[in-house]
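None of the values given here were measured: they were computed from a predicted structure. All values below were derived from every heavy atom in this structure, side-chain atoms included, with hydrogens, water molecules and symmetry-related copies excluded.
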Amino acid sequence: MEYNEKFFEQLVHSARSGIWVIDEHCRTTYVNPSMAEMLGYTVEQMLNKHLFEFLDENGIEKAKINLARRREGQEEQRESVFIHKEGFAVYTNLVTWPVFDEQGQYRGAIAGVMDDSSRRGMLDELAEAKERLQVFDKVTVDGILIHQGGHIIELNDACCRIFEGSRKEIMTHDFTAMLLPEYKTLVIQAMHYDTVEKFEVKARSLTGKLLILELSSKRMHYRGDLVRVSVLRDVTQYKQTQTALEQIELTNQALIENAPEAIVLLDRKSLQILHANSKAGSLFGISAHRLLGQSLESFIIKHDGKLAGAGRTFDNLVQQALSCLAPLAEIKIQHQSGTAIDCELRLVSIQWQGASLLRVSLLDIRSRKRAQDKMKQLSSALEQSADLVMITDKNGIIEYVNQALLSVTGYQLEEVIGQTPALFKSKQHNSAFMRKLWKQILAGHSFRDVFVNQNKDGSVFYEEKTITPLKNEEGEITHFVSTGKDITERMEFQANLHHLAFHDSLTNLPNRALFNDRLKSSLQTAKRYRQKIALLFFDIDHFKRINDSLGHEVGDLLLKQVSKKLQQRLRGSDTVARLGGDEFAVILNNVKDDESIRQTASEIIELINQPIKLAERELFITTSIGIAVYPADGDDSLTLLKNADVAMYRAKAQGRNAFMFYQQEMNAHAFELLTLESELHRALQQQEFCLQYQPKICLRTGKMTGVEALLRWQHPEKGMIAPDKFVPLLEESGLILPVGQWVIEQALKDYRFWQSHGLFNLNLAINLSPAQLKDLKFIETLQSALAKYKLPMQCVELEITEHTMMIHGENSFLLMEQLRQLGTHFSIDDFGTGYSSLAYLKKLPVETIKIDRSFIRDIGVEVEDEIIVKTVIAMAKSLGYQVVAEGVENLKQVDFLRALDCDVAQGFLFSRPLSALDILQYQVQPETLPH
């Protein structure tokens, strides 16, 4: 790389610092004399030398990095340390420019180098000064500041405390700018002098606090540079205290004169009055200036040399005051009018205008004593009050509680005083309640409500409380008074009433009212969140029979057991309720699908099917469940409940012990049943019922020996309705008793009609319902009808079903026995369907057994049924019963029965049911009899 002479001359003359040129291999191609002198070499000694020969190891590593940057065309400006020929470090500021040829190839670099050793020396000196300052900082509270003009170079920790900032924060500020404007110029002018004697300035801390400072300052030299060291002493508090003392001294006179109590100043030796305010004159009844020079003791009433009310001498009080105490005593003073005035006296030793005096303050306490007397009366009343009383200060700190509150809560007085009412907090009131309370009482209004508080033992009590704020004469709230009554018993009673109003007293389950409320709530939630709910309605199958046979006490125990099982099975989010009698309902909330409903219904059926042991009996019960689902089966509670009820009755009609979902067509069937039930009432009034009679044929003689009365309903629109369609409705509606009475009346009337036409010696069989068996007036009704038609009791045979006999046999035995003694005959209908015992039947007044048609129908088809018929007839004969076979329809059945010595048969083979008139004309057809 070539350079001309003119170029070098320009470099030399353009900079006072060193110039260094290197080639692309870091070899020195040129240095100016300044550069060579800076490192202690001649120009010739440095030429062709490698740059790294003038650097230490650390510098060589940095140079390698910077060399790579220069090859990329980057300029650089930095601090650099070279090694002097004598071996010491030379600190420089270095500026380097890369040089490239016309083809863009890197050819070397030109550096301008400025000696920075003087600045480094000053920094080292300042660092040493800083170290000394830090040591000095440990033993001084004065701030020490090193600065050039307003620029801060260094400061100690005391300065940080004075100016309320960190070292870094304060050093960014101009020192003179921190002074108040009126002091800034003064300080700048003072800095022209070598030494500044102590004078006072005002400044602001970094937080804005006003500072009063004593400033002293002196110049110092650092290698030719001048700095100034200033010492700052914070006298702010001292000045403020001095000012306050001066003001106190100036205002003492005004304070004494305008004090609310009487004040007199006494000479410590003579105890004569040196000064008195106007209040003292008013208290004694003479002008204040006339009190001067008089003895205060002469105005004080004494008894036996002691102060009245205080029980000690005035000298004793004076000695205490002179001993730096401030004795307080209640005394009585003599007013000029002769009136004795109760006062509170306080005696204090003070300095007054350079003299040591005794200050006596006298406060008229007559109003206070009257208030205290009144307070004693009130306190006595509060202590004896049955109400719970608490008084707190304006911050809620308890200052007083009466005995009633302590008795209720179980706390001792010392455990309560100084606490807050939160001591009784039960955590049953939310934050909104407490915000309302404080907002109201802090506004000066009373707050009334029922609080649920907590006793010391953790139990809760209910308090009907009123909190009233108390205000002083200025209208400021000073205290809060709480008065309340313990209403725990009342609240518990109300809670019990509420529970009873919404829960079943027997099972403790929700009752119909609570069930309806929860169902409405569930529907609202389901509508809002588009959920599905199911309503299960069910009762205990044949529960009435259990009540009638075993008694209501057993029935109640059964309902309790069922309720307990249901509560244990269902989810907490579901509701199970007893709607009345043996009716239950379950709300299943947020069900996912019909399968989960089926599963729950199946589990309830399985649960109820489990045997229950009550009254030394093991009961096996079943249930029928109807299910309605929201929203498919209704969107209101009444519709869902009605549809679930309809579904339950359809489940019963299908054989019971099952569940069934509601379907639309069920309503039509339910409506039909409801219509029929309504029309049954009319049928009895309109004489739509009629009787038909089915002949009974003796299998030995072939003659008609009797008839069975069968009830029929001749509907004006629907024609003849079969008994299985309306008899269950008669039993459910209670119409079976009046209809049964009509049947007896009509049958006996027809029997009398037959006799009047020469038909005698027929056995008249009449079916009895379970309700008639329990009717205490039944015997009277039957006897009355027989007497009306002048017929003997022996002409009547009463038929009861095997199932009725098994359920009601024990309870009805007495009635049956009474009727038997009167001459009535009994027969068991539908025998073989109820699992009865012949041995048990032997105990009852029964003479005839009727084999159910279901066994007769399969004679010649089912061997099992033939065996049953043979067994029943054989056992019945052995026990002396007459046997009647029902539902005989062919000669094969007749032959089979006759071969077994069966007594009587009835069925379509012999005749269909006939009217009373047709019975007169009935003749047994020869072809129906066996040969």
I'd like a table of donor-acceptor pairs (distance under 3.5 Å, sequence neighbours excluded) in which one partner is a side-chain atom from residues 426-434, with atom names and distances.
{"unit_1": "S426", "atom_1": "OG", "unit_2": "Q428", "atom_2": "N", "d": "3.4"}
{"unit_1": "S426", "atom_1": "OG", "unit_2": "V452", "atom_2": "O", "d": "2.4"}
{"unit_1": "H429", "atom_1": "NE2", "unit_2": "V452", "atom_2": "N", "d": "2.9"}
{"unit_1": "N430", "atom_1": "OD1", "unit_2": "A432", "atom_2": "N", "d": "3.3"}
{"unit_1": "N430", "atom_1": "OD1", "unit_2": "F433", "atom_2": "N", "d": "2.9"}
{"unit_1": "S431", "atom_1": "OG", "unit_2": "R435", "atom_2": "NH1", "d": "3.4"}

Are [X] and [Y] close enough that a side-chain donor and a side-chain acceptor fall under 3.5 Å?
X: Q906; Y: E708; result: yes
X: Q714; Y: E688; result: no
X: N657; Y: T622; result: no

Taking C-beta and beyond as the side chain, do [X] and [Y] meet within less than 4.5 Å on heavy atoms?
X: L558; Y: I612; answer: yes
X: L536; Y: I597; answer: yes
X: I627; Y: F538; answer: no
X: I849; Y: V884; answer: no

Y411/F424 aromatic ring centres below 6.0 Å: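 Ring-ring flag for Y411/F424: true, centres closer than 6.0 Å.
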
Check against side chain to side chain contact (heavy atoms under 4.5 Å, CB included), T639 and D633: CA-CA 8 Å; T639 302; D633 301 332; over 6 Å; no

[X] side chain vs [Y] backbone, donor-acceptor pair below 3.5 Å:
X: T525; Y: S521; value: yes
X: N643; Y: Y662; value: no
X: N455; Y: G458; value: no
X: N590; Y: I533; value: no
X: D574; Y: N589; value: yes
X: S563; Y: L559; value: yes
X: N516; Y: R512; value: yes

Around atom [atom1] of [X], are there more than 12 heavy atoms of other residues, nucleotides or ligands at under 6.0 Å?
X: Q687; atom1: CD; result: no
X: Y529; atom1: OH; result: no
X: K456; atom1: NZ; result: yes
X: E606; atom1: CD; result: no

Atom pair [atom1]/[atom2] of [X] and [Y] - distance to nearest 0.5 Å:
X: L768; Y: L798; atom1: CG; atom2: CG; result: 4.5 Å
X: I546; Y: L614; atom1: CD1; atom2: CG; result: 9.0 Å
X: T409; Y: E463; atom1: OG1; atom2: CD; result: 10.0 Å
X: E731; Y: F726; atom1: CD; atom2: CZ; result: 11.0 Å
X: F584; Y: F537; atom1: CZ; atom2: CZ; result: 11.0 Å
X: K777; Y: L737; atom1: NZ; atom2: CG; result: 10.5 Å

Test: R912 cationic atom under 6.0 Å from F908 six-membered ring centre, within 45° of axis: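 Positive - R912 is close enough to the ring of F908 and near enough to its axis.
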
Lys/Arg-Asp/Glu bridge criterion (N-O < 4.0 Å) met for [X], [Y]:
X: K465; Y: D449; result: no
X: E886; Y: K850; result: yes
X: R857; Y: E889; result: no

Residues in side chain to side chain contact (heavy atoms under 4.5 Å, CB included) contact with A651, at least two apart in sequence or another chain: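 Counting only residues at least two positions away or on another chain, A651 forms a side chain to side chain contact (heavy atoms under 4.5 Å, CB included) with S624, M660.
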
With a cut-off of 3.5 Å and sequence neighbours excluded, list every side-chain donor-acceptor pair involving residues 860-867.
{"unit_1": "E866", "atom_1": "OE2", "unit_2": "G860", "atom_2": "N", "d": "2.6"}

Parallel, tilted or perpendicular, as decided by the 30° and 60° cut-offs, for the rings of F689 and W742: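 Rings of W742 and F689: tilted, as their planes differ by 30° to 60°.
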
Summary of salt bridge (Lys or Arg N to Asp or Glu O under 4.0 Å) pairs that have at least one residue in [range], sequence neighbours excluded:
range: residues 549-569; result: R569-E603
range: residues 513-527; result: none
range: residues 585-596; result: K532-D594, E595-R598

Worked verdict on L710 versus L691 for side chain to side chain contact (heavy atoms under 4.5 Å, CB included): CA-CA 6 Å; L710 302 173; L691 291 180; over 6 Å; no

Candidate pair L579 and L641, rule side chain to side chain contact (heavy atoms under 4.5 Å, CB included), full reasoning: CA-CA 11 Å; L579 304 187; L641 193 59; 4.2 Å; yes

Salt bridge (Lys or Arg N to Asp or Glu O under 4.0 Å) between E464 and R448, worked out: CA-CA 8 Å; E464 192 173 58; R448 297 177 180 86; over 6 Å; no

